[in-house]
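Below is one structure; the comments refer to it alone.
By convention in this document, chain letters (A, B, ...) are assigned in the order of the sequence lines, proteins followed by strands, and residues within each chain are numbered from 1.
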There are 2 protein chains.
Amino acid sequence: MSSKPFNPAATIKDVAAQAGVSVMTVSNVLRGRGRVSEETRKRVLETAERQGYRPNLTARALVEGKAPTLALMLSCITNPFYPEFALAANLEALRHERHLLVCNTDHEPDGGSGFLEQVAGSLSDGVLVANNGDLPMDELLRLQERGIPVVISVWELPDDLPDIPCVTFDSKAAGKLAVEHLVELGHRRIGAIIGSPKHGIHGGRYAGFRDVMRAAKIKPSAADERFTKDSFEHGYEAGKDLLSARPDLTAIFVSNDLPALGVMNAASDLGYSVPDDLSIVSITDIIPARQSRPGLTTVAIPTAEMAEKGVSLLVELMAGRATESTVVHTSPPTLVVRGSTAAPAASR
Amino acid sequence: MSSKPFNPAATIKDVAAQAGVSVMTVSNVLRGRGRVSEETRKRVLETAERQGYRPNLTARALVEGKAPTLALMLSCITNPFYPEFALAANLEALRHERHLLVCNTDHEPDGGSGFLEQVAGSLSDGVLVANNGDLPMDELLRLQERGIPVVISVWELPDDLPDIPCVTFDSKAAGKLAVEHLVELGHRRIGAIIGSPKHGIHGGRYAGFRDVMRAAKIKPSAADERFTKDSFEHGYEAGKDLLSARPDLTAIFVSNDLPALGVMNAASDLGYSVPDDLSIVSITDIIPARQSRPGLTTVAIPTAEMAEKGVSLLVELMAGRATESTVVHTSPPTLVVRGSTAAPAASR
DNA sequence: CTGAAAGCGCTAACAC
DNA sequence: GTGTTAGCGCTTTCAG
């Protein structure tokens, strides 16, 4: 029997043999390259279809010296910021015909070193790193020296750049917008809960807070500030701590939505009514910010844009159209007013 | 000069040449296989280190006929169930020395067909599919016929299995637990909001609801039930609709946490106080369920276990230690009581 | 214990 | 238009 119909493991060779042409012709037809007569084209296509042929992307990657994937490093996908970031990155990667390999550094015993070591430049052509304030810069630089494209996204300080191409946003402006909103509402007793050390990843957001406080001639007090970690639970604890110590605060600026949602619960559990007794504002605008009651007033940062531009930059880097000192800026942050902020009780 | 120190693109050949051995010896040393003298071993290791050699996983995959990745298909990573699932799947995959390629079917124009076509059996050895009630069974079966391992996880009906190996949990028992909790609290006027058609993915959960209602001799009324989609917003809308139409309900069973959180907001926006005026219970126990105020009473399903067992089953399948009819069961669901449920006002 | 040869599936370069 | 040759980086034979 001269007709082999369906071959679950058909290779390009099988198709070529069956169609009576060379493998190169099959390759050309399938990739739409080279010149092939319409007749042969049809025959090859039919044969491939009949055999159920599908190209082996691994083989293609090896010979082309180019992987069909990109690596994405983030701290933990269960932090609601990252699914939004990862989705946008994924879609942009797809536009460049690439799939995404994800590493949750928080849960890798080695913080992702093994992932980078194995994947970067081998399974994946480049690495997109979502900044979490605790990046293994040494390793990233080492990869870059090897010629492997590395991009850091969500870089918070446009004026203080890393030695790696990055996508940045103006975190200080975001902090300012948030606190200006409080000041304009009439608040003077404003506390701050920062999801990092003072000079950590939220340092820019904190600087924005300080700037506005100074401009408003409000004397800052360390007693009104808390530095903690960037999680719901840490926000909750810091909120309880701060509100217990400083019950006269009328508003709190939180450096990030996730801890801010924790602060909202802390306020609620302490008997505060938000926004009547206490206003809360933060930064990011993750999906849960609009699902809480009251909704969280926050300064939206361009999350999806940072993911997309991160992937694009990676692709540009691979094409030699960007360099190690390329910096990509994103749209300015914008205030999103919801129910968690109002004028202080005294002024009403 | 006989010493080439660091070579960013070193291949196994370079290491071999430099160490004065054959590539095979290098391979053996690096993989810890074959017999190599301690002396040669050390020399090879040193050379590899010095050159900064890292094996090319793509080449290895090609020759071994085995990919270092697994594919994960889910509807959308921004639905908080999936990050929890994906993280557990990722960690389990890592235990089997594999990375994860993720596809968000909701956002692929073709619902993931292209992903499967490209990735399954080529970039990835197998596919783990997180059931969302709208699976492309034809395609999955076609992959399976090709010999590509496919596993469906989060299968809701242990008594009604697909023709594909799956990881299942007892969704009907989960529905029962939830509604029994309401009945035990003294509720009789109980509504239901289901995040799928009646016989859709939440059909098992709904059947559990019906069973308990019948056992409690509560006459079910279609007017107290709503069938909608599985999202926060759809839950919100259905909640508003149901509560407006049936203001005398004292409790609502929602088939899933995400729409249940929407229902909580709907109740709040309509002036209901939860749980004083209205109890709400649902199923899943996603992270946001414990972060809402009040906390959401829910029936926890073994999310991480289903992800882990899904990956393990995939690996077993690849090793020929499982078949196309293998079914893996998971731990029974358990009730988690939080603040969203209480005895009805009348009985207090 | 170590090496040489063959080949995984595919494509780039060049011949016919 | 189409075929041939070579080789991507690695591992699996099977000799030595």
Hey, are B:Ser331 and B:Glu305 close enough side-chain-wise for a donor-acceptor pair under 3.5 Å? yes
Using 4.0 Å as the upper bound for N to carboxylate O, is an ion pair formed by B:Glu92 and B:Arg95? yes
Distance-only donor-acceptor check, side chains A:Gln18 and A:Arg50, under 3.5 Å: yes
Of residues 34-47 of chain B, the positions that come close to DNA chain C - non-hydrogen atoms, cut-off under 4.0 Å: B:Arg35, B:Val36, B:Ser37, B:Thr40
Answer yes or no: is there an ion pair linking B:Glu46 with B:Arg43, defined by an N-O contact shorter than 4.0 Å? no
Please state how far atom CG in A:Asp125 lies from atom P in D:dC8, giving the value in whole angstrom units. 18 Å
Rounded distance in Å - CG (B:Leu62) to P (D:dG7): 17 Å
Is the shortest side-chain N to carboxylate O distance from A:Arg41 to A:Glu38 below 4.0 Å? yes
Ignoring hydrogens and geometry beyond distance, is a side-chain donor-acceptor pair present between A:Thr69 and A:Ser124 at under 3.5 Å? yes
In terms of side-chain geometry, is the basic nitrogen of A:Glu64 or A:Arg60 positioned less than 4.0 Å from the acidic oxygen of its partner? no
Exercise: do B:Glu156 and B:Thr168 side chains pair donor with acceptor under 3.5 Å: no
Could you run down nucleotides 10-16 of chain D 5' to 3' and tag each one B, S or - for protein heavy-atom contact under 4.0 Å? BSB----
